[in-house]
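The chains referred to below are lettered A, B, ... by the order of the sequence lines, with proteins before strands, and numbering in each begins at 1.
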Amino acid sequence: MYKYQSVKKLQNHLLMIKFNKILFQPGELVIDNVLHCGQAFRWVFHEDLRQYSASLNVGGKYRIVVVKQGKDNCIEYGTLDTIEEDVLRSFVESYFRLEVPLLDLFAKDWALRDSRLKSKAPLGVRILAQDPWETLVSFICSSNNNISRITKMCHALSSNYGDKLGVYNGVEHCSFPSSAQLLERASESELRTLGFGYRAKYIMGTAQKMQELAKGMLSDTPLLENWKKTLNYEQIRENFMGFPGVGPKVADCVCLSGMRLDHVVPVDVHIARIAQRDYRFVSRKRDLFQLQDMYKDMPITRRKINYELDSIRIMFKELWGDYAGWIQGIVFAQEIGKTLGATQEGTISKRKLEIEVKVEEKVGTEVVAMEIKRRITESVQS
DNA sequence: AAACAACCTTCCCA
DNA sequence: ATGGGAAGGTTGT
């Protein structure tokens, strides 16, 4: 009897969350695809509610945010927190970069620049505006690693070393730890016992380096945001590669998904394969010399860069333009397919799901949607 | 500058 | 069932 009541109470509590909507064109944003394409690792999927929840840095403070895909071309968002409605709304808009017109850019710019894209659909895949410090640490975890374990590691960081924020639908949410909190609460050996492997040293080293850079002043996200005000992309990347465990790929991921540098194309093994297989990329001596000259005053970049991969990045930047990183996100998602997510029990299961196709309205016929789906399945298998 | 082994752990697949 | 290989790389030689 009591049990039943408490369950009832819990459900009522859930219902008390007020969801608000943000409307957009059909296909502008497909949450399932965006949150599973390997740029965000701490969203929890609630299968029963068809909702996602996470703790996110909203204006300098981590808060629980809940989102779900609405029925008619919209996202619904809510929170347990006491945030003013317009603050949360503008946060969600900027987190999903809704000011960027994905479909327009795709049709009127990207597909014209690159005829290979004409046969593809953006599938609502967007680049997020994530917290820079969390993005930096998350992608340090990503090196030579699979998404399943990266997800576990990011959750382990917040639940072990972050601040408790509250429970949503049975899932406890914690903030992502600051560099100071990591230094205070974590250690390399403990991280190793938590399964971080050799990345344990990188994470503690990066937290340490961040504290040194801050010199007691601004640190973490505010410090990294300041880089954007005074430095160009190459300088920002040079700075990021000053952290241990951060090479060109990780630095570029943080630039794109944490610093909103939309033209940056992180070149991993898959993008390199696509460049050679689909775009007939061959490195040219002249380009490599040019790059060496460009980086002559950047010692860290010179030490860590792979010139061949960097010239792939530049090829795509020149082909795809100011939003090259967004196109990379779309191409990558189609190459890899959707992989996994966290369920409400906290268990993370590998499940090779097809990318959901929700572009029927836009494209028109179901035949086209089927064709896209078939192509994705093909690319996942290969 | 470029190539290559080593690196932690987990998951997948033969 | 059991073992090699890969996973959105980085580091040191």
Side-chain angles (χ1 to χ4, degrees), chain A residues 36-41 125 127-128 135-156 188-206 209 237 240-258 264-275 283-296 298-313 316 325 328-342 347-352 379-382:
Chain A
H36 291 296
C37 68
Q39 53 175 325
F41 301 102
V125 173
I127 299 299
L128 299 167
T135 308
L136 173 61
V137 178
S138 299
F139 277 98
I140 287 173
C141 297
S142 79
S143 71
N144 192 28
N145 205 351
N146 56 62
I147 294 182
S148 168
R149 182 149 78 117
I150 301 166
T151 302
K152 281 178 184 164
M153 289 160 74
C154 292
H155 277 106
E188 183 189 336
S189 59
E190 191 173 64
L191 285 173
R192 275 186 175 269
T193 63
L194 285 172
F196 282 75
Y198 57 82
R199 301 166 197 81
K201 183 161 57 168
Y202 300 153
I203 290 170
M204 294 309 293
T206 292
K209 169 112 188 173
R237 186 177 56 165
F240 273 128
M241 285 195 283
F243 292 104
V246 179
K249 159 64 171 55
V250 168
D252 280 343
C253 284
V254 185
C255 284
L256 174 63
S257 189
V264 176
V265 175
V267 179
D268 57 35
V269 54
H270 300 288
I271 295 299
R273 182 176 64 244
I274 289 170
S283 62
R284 307 205 183 286
K285 278 274 188 292
R286 199 171 63 82
D287 295 341
L288 301 188
F289 289 139
Q290 197 182 336
L291 284 174
Q292 288 171 29
D293 185 57
M294 194 192 307
Y295 301 141
K296 63 180 186 298
M298 300 189 160
I300 306 175
T301 303
R302 287 172 61 108
R303 177 157 52 85
K304 295 195 175 184
I305 205 81
N306 175 318
Y307 287 101
E308 170 121 348
L309 296 182
D310 203 50
S311 79
I312 289 177
R313 177 185 65 76
F316 281 128
Q328 177 271 354
I330 293 166
V331 170
F332 179 83
Q334 301 205 0
E335 178 81 4
I336 296 307
K338 191 161 59 175
T339 44
L340 48 94
T347 60
I348 293 139
S349 56
K350 182 105 178 170
R351 36 173 196 173
K352 291 220 167 182
S379 69
V380 167
Q381 286 167 344
S382 63

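Set against B:dT10, B:dA2, C:dT10, the side chain of A:Tyr307 has B:dA2 as its closest nucleotide. Across B:dC11, C:dA7, C:dT11, the shortest atom-to-atom separation from the side chain of A:Tyr202 is found for C:dT11. When distances run from any side-chain atom of A:Phe332 to the nucleotides B:dA1, C:dG8, B:dC7, the shortest one goes to C:dG8. Closest to the side chain of A:Tyr198, out of C:dG8, B:dC11, C:dG9, is C:dG9. In this structure, the nucleotide among C:dA7, B:dC11, C:dG9 sitting nearest to the side chain of A:His270 is C:dA7.
The residue A:Ile140 sits apart from the nucleic acid: no heavy atom pair falls under 4.0 Å. Residue A:Pro244 is classed as a sugar-phosphate contact, given heavy-atom separations below 4.0 Å to backbone atoms only. Using a 4.0 Å heavy-atom cutoff across all strands shown, A:Gln292 reaches sugar-phosphate atoms only and no base atom. Nucleic acid contact class of A:Arg192 (heavy atoms, under 4.0 Å, all strands): sugar-phosphate only. Among the atoms of the strands shown, only primed sugar atoms or phosphate atoms (P, OP1, OP2) are found under 4.0 Å from some heavy atom of A:Gly195. Backbone-only contact: A:Val246 has heavy atoms under 4.0 Å from sugar-phosphate atoms and none from a base.
For DNA chain B, each stem of at least three Watson-Crick or G-U pairs (distances under 3.5 Å) is given as range with range: B:3-7 with C:9-13, B:9-14 with C:2-7.
Counting to the nearest Å, the C1' atom of C:dT10 and the CE atom of A:Met204 are 19 Å from each other. Look at CD1 on A:Ile305: it is 15 Å from P on C:dG9, rounded to the nearest Å. Here the P atom of nucleotide B:dT9 and the CD1 atom of A:Ile203 are 13 Å apart, to the nearest Å. Atom CE of A:Met153 is separated from atom C1' of C:dG9 by 12 Å (rounded to the nearest Å). Atom CG of A:Leu309 is separated from atom P of C:dG8 by 16 Å (rounded to the nearest Å). Straight-line distance from the CD atom of A:Gln39 to the C1' atom of C:dG8: 12 Å, rounded to whole Å. We find that CG of A:Asn146 is positioned 12 Å from P of B:dC13, with the value rounded to whole Å. Following rounding to the nearest Å, A:Arg199 (CZ) and B:dC7 (C1') show an atom-to-atom distance of 8 Å.
Between the C1' atoms of B:dA2 and C:dG8, the separation comes to 22 Å (whole Å). Nucleotides C:dA1 and B:dT9 have their P atoms positioned 26 Å apart, rounded to a whole Å. Taking atom P on both nucleotides, B:dC8 is separated from C:dT2 by 27 Å, rounded to a whole Å. Taking atom P in both B:dA1 and C:dG9, the straight-line distance is 23 Å, to the nearest Å. Rounded to the nearest Å, the gap between the P atom of C:dG4 and that of B:dA6 is 15 Å.
In this structure, A:Met241 and A:Asp268 both approach DNA chain C, and ranking their closest nucleotides by distance from the 5' end singles out A:Asp268. The residue among A:Arg303 and A:Ser143 whose nearest nucleotide of DNA chain C lies closer to the 5′ end is A:Ser143.
The base of B:dC11 is not paired with the side chain of A:Arg149 by any donor and acceptor separated by under 3.5 Å.
With rounding to the nearest 0.5 Å, the separation of CD in A:Glu335 from CG in A:Asp268 is 9.5 Å. Taking CD1 of A:Ile305 as the reference point, atom CE of A:Met294 lies at 10.0 Å (rounded to 0.5 Å).
Distances shown here put every side-chain N or O of A:Lys201 at or beyond 4.0 Å from the OP1 or OP2 atom of B:dC7. At the phosphate of C:dT11, OP1 or OP2 sits under 4.0 Å from a side-chain N or O atom of A:Lys304.
The aromatic rings of A:Phe240 and A:Phe243 lie tilted to each other, with the angle between the two planes from 30° to 60°.
A distance-only check finds a donor-acceptor pair linking the side chain of A:Lys304 to the backbone of A:Val246 [under 3.5 Å]. With hydrogens and angles ignored, the 3.5 Å screen pairs a side-chain donor or acceptor of A:Gln39 with a backbone N or O of A:Leu128. Using a distance-only test at 3.5 Å, with no hydrogens or angles considered, a donor-acceptor pair links the side chain of A:Arg199 to the main chain of A:Ser143. A donor-acceptor pair is defined here as one N or O able to donate and one able to accept, closer than 3.5 Å; no such pair exists between the side chain of A:Arg284 and the backbone of A:Ser311.
The existence of a salt bridge linking A:Lys249 and A:Asp252 is excluded, since no basic side-chain nitrogen approaches an acidic carboxylate oxygen closer than 4.0 Å.
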task: Could you check A:Phe196 against A:Arg149 for side-chain contact (heavy atoms from CB on, under 4.5 Å), going step by step and ending with a plain yes or no?
output: CA-CA 9 Å; A:Phe196 282 75; A:Arg149 182 149 78 117; 6.0 Å; no
